[in-house]
2 protein chains.
Amino acid sequence: MMNVISDKVVSRLSQYRRLLSQLNQQEIKHVFSHRMAEEMGVTATQVRRDLMVLGFSGSPTKGYHVEDLRVKITQFLDGHERQLACICGIGNLGRAVMGYFSGRGVSVDVCAAFDVDPAKVGRAIVGRRCYHIDELESVCKELKLSVGIISTPADTAQSVAEKMIQADIKGILNFAPVVLKLPSDIYVQNMDVSLALETVAFFASQKRQS
Amino acid sequence: MMNVISDKVVSRLSQYRRLLSQLNQQEIKHVFSHRMAEEMGVTATQVRRDLMVLGFSGSPTKGYHVEDLRVKITQFLDGHERQLACICGIGNLGRAVMGYFSGRGVSVDVCAAFDVDPAKVGRAIVGRRCYHIDELESVCKELKLSVGIISTPADTAQSVAEKMIQADIKGILNFAPVVLKLPSDIYVQNMDVSLALETVAFFASQKRQS
DNA sequence: TTGCCGCTGTTATATAATTCACAAAGTTAC
DNA sequence: GTAACTTTGTGAATTATATAACAGCGGCAA
Ligand SMILES: NC(=O)c1ccc[n+]([C@@H]2O[C@H](COP(=O)([O-])OP(=O)(O)OC[C@H]3O[C@@H](n4cnc5c(N)ncnc54)[C@H](O)[C@@H]3O)[C@@H](O)[C@H]2O)c1
Ligand SMILES: NC(=O)c1ccc[n+]([C@@H]2O[C@H](COP(=O)([O-])OP(=O)(O)OC[C@H]3O[C@@H](n4cnc5c(N)ncnc54)[C@H](O)[C@@H]3O)[C@@H](O)[C@H]2O)c1
C-alpha cells in the first residue's frame, strides 16, 4: 500500500503549485522556501517538509527551480491523466461552480452537468449540455469520470452521492449541508459554507470584545 | 483573556446545533452522544468532549435534552446579538451566496452587498440594494457589521480585505484564491474551492489505483 | 586557504487533536 | 435491595500536525 499522505499536505502542494505558476509568469526562475512560506502564510520549515514527499531537491544557494518544481508537483498530484469531474445540481451555486471550472485550463475539468429540473435538462449550461441525473452512470462511466461535485438541496444529496458511487466515482466535493454516509473507500470533502460563515461570525464577535 | 477555543470545535458545535434543530422538528426530546456522533460521522467521545466547553450536562439515562442543548449552543456561538455580514463582489458566486444567506432565518444574515460594476451598483440584488465598494466603511459602521465575505476576483481581494478592516470588520470568509496578509486580530477563513476540488481529485485518482 | 554565512534536508521536539479507559451515577430486572 | 447495564464526564494515552534544531554543503570575503 502506498505511503499515506494527509489531505492537508495535498492541499498545500496544490497551493505551492499555484504560487509557482504565478512566479513563472513573472519570469522568476528560482525561489527560496522562505519566500514561498511568506507568500502562503506558513513557515519555511513547513514548505521544505511538504516538498520532501516529492523527492525534489533544491539548491542551498539558488533555492528551488520554479518550473521544475511546478512540473514535479503536477506529476505528483495529477498522476498522468487530466482529472475529469461532473457536477450534480445546477442551481445558483452549481451554475457558478460550473462556469468557473468548465473550460478554463485548471487542472480539474468539470465536463458534465446533471439535474432533474426539466427546465435545465437537455439545455446547455455555460456551454455544456445538462443531462438528467438518471444518465449519470452511463455518462460518467463512458467519460471515465472519477470526481463528483454535489450542489443539490440537502435532502437529495445522499441519494445523489450513492448514484455517483454506482457510476464509479471515487471522490466527492459536497456543498450540501449534510454528512454523507458512504463506504470508506470514497474520499469526501465537505464545503459547508454555512458552517464556515458561522465559524467566522463566532470569532468576529469574540474579537469585537477586546 | 478568555480560554482559547479552536475553530474545529466551533465548527462542530455549529453542526451539532444544526442536527439538534432537525431532531427538534422530529419532536425528539432527548438524544445520546452516540446518536449524535453517528449522524455527524464522528466519535461519541468527541461529541461529549466538545460539549464540555459549554458546561452543559446530560443525563446518563436520557442523554442530552435536545432543545436545551440547542439553546445553549446558540447562546455560546451567537453571544447575544444576531450577527450581520456584508459581501463584496456580486459575480456568479457572490450572487449565489447572497441569495442563500440573505433573508432566510439562519444565524448569520448577509444584509449588504458591494461591487464596483456600474451595472450592479444601485440596483437590487436578490432583494438587497447593492452599494459601491467606496461606501463600505460608512455602511458597515452604521449597521455595525462584523463579518465580511469576499467573492471578488483574486487580484482585488487583498485591497477589499483592507477596506473591510477599515470598516471595523473582524472576521472574513474569503472565496478568492489568495492568501490574505492581514493583522493577526482579524479572523480569516478561506473557502478555496479550487484547492478543495484538486484535493478531491488527487485522492480519487489514488483510490482508482487499488 | 580558512572561516563564516545562509540555505536545504531531515531528525528531534513540541503542540494540537482525538481516542481510550474508567469512575460515577441513574435504571432496570428480579 | 442489589447486581447488572448503560451512559456521562473527564484524566491519561495516543495519534496527527507543526515547529525547532542542526548537520552538511557550497559560495564568498578576506
Ligand atoms: N447558494 C449558496 O451560496 C449556498 C450556501 C451554502 C450552502 N449551499 C448548499 O448548496 C446546495 C445548492 O445550493 P443552491 O443555492 O444552488 O440550491 P438551488 O436550489 O438553487 O439548486 C439546487 C439544484 O439541484 C437540483 N436538484 C434537485 N434534486 C436533484 C437531484 N436529485 N439530482 C440532481 N439535481 C437535483 C434542482 O433542480 C436545482 O437546480 C444546497 O445543498 C445548499 O444548501 C448553497
Ligand atoms: N465561481 C466559482 O465557483 C468559484 C470557484 C472557485 C473560486 N472562485 C473565486 O471566487 C471569486 C468570485 O468568483 P466569481 O465566479 O463570482 O467571479 P465573477 O468575476 O463572476 O465576479 C466578481 C465580481 O467582483 C466584482 N468586483 C471586482 N472588483 C471589485 C472590487 N474591488 N470591489 C468589489 N467588487 C469587485 C466584479 O464586478 C464582479 O461582479 C473569485 O476570486 C474566484 O476566483 C469562484
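Being a predicted model, the structure only gives us computed values, none of them experimental. Every chain is numbered from 1 and lettered A, B, ... according to where its sequence line falls, protein lines coming before strand lines.
Residue A:Leu69 contributes atom CG, which lies 13 Å from atom C1' of C:dT8 at whole-angstrom precision. The nearest whole Å value for the distance from the CE atom in B:Met36 to the P atom in D:dT8 is 10 Å. If you measure from atom CE of B:Met52 to atom P of C:dT18, you get 15 Å, rounded to the nearest angstrom. Taking atom CE of residue A:Met40 and atom P of nucleotide D:dA18, one finds them 11 Å apart after rounding to whole Å. Spacing between atom CG of B:Leu51 and atom P of D:dT8 amounts to 10 Å, rounded to whole angstrom units. A:Asp50 has its CG atom 14 Å from the P atom of C:dT8, to the nearest Å. Across the protein-nucleic acid pair, A:Phe32 atom CZ and C:dC7 atom P stand 6 Å apart, rounded to whole Å. One can place NE2 of A:His34 at 13 Å from P of D:dT19, the figure rounded to the nearest angstrom.
What you find for B:Val108 and B:Ala85 is that their closest heavy atoms are CG1-CB, 4.0 Å.
A side chain to side chain contact (heavy atoms under 4.5 Å, CB included) with B:Met40 holds for exactly one of B:Gln46, B:Arg35, B:Gln15, B:Arg18; it is B:Gln15. When each of A:Arg17, A:Arg70, A:Lys72 is checked for a salt bridge (Lys or Arg N to Asp or Glu O under 4.0 Å) with A:Asp78, only A:Arg17 meets the rule.
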How far apart are the C-alpha atoms of B:Arg12 and B:Asp50, what are their side-chain angles, what is the distance that settles it, and do they pass the salt bridge (charged side-chain N to carboxylate O under 4.0 Å, His left out) test?
-> CA-CA 8 Å; B:Arg12 280 196 300 266; B:Asp50 288 338; 2.7 Å; yes

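At the phosphate of D:dT17, neither OP1 nor OP2 sits under 4.0 Å from any side-chain N or O atom of A:Gln46. The side chain of A:Ser59 places no N or O atom within less than 4.0 Å of a non-bridging phosphate oxygen (OP1 or OP2) of C:dT8. Regarding contacts with the backbone of C:dT18, a side-chain N or O of B:Arg12 is found under 4.0 angstrom from either OP1 or OP2.
You'll find the ring centres of B:Phe76 and A:Phe202 inside the 6.0 Å limit.
Of the two residues near DNA chain D, A:Ser6 and B:Phe56, the one whose nearest nucleotide lies more 5' is B:Phe56.
Partners of A:Ala161 according to the side-chain contact (heavy atoms from CB on, under 4.5 Å) rule, which considers only residues two or more places apart in sequence or in another chain, are A:Ile150, A:Ile172, A:Leu180, A:Leu182.
Residue A:Glu38 qualifies as open at atom CD: its count of foreign heavy atoms under 6.0 Å is 12 or below.
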For nucleotides 21-30 of chain D, just jot down a letter per nucleotide in 5' to 3' order: B, S or -, based on protein non-hydrogen atoms under 4.0 Å.
-> B-----S---

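For B:Lys8, the side-chain atoms get nearest to C:dA17 when compared with the rest of D:dT17, C:dC7, C:dA17. With C:dC7, D:dT7, C:dG9 as the choices, the nucleotide that has an atom nearest any side-chain atom of A:Tyr64 turns out to be C:dG9.
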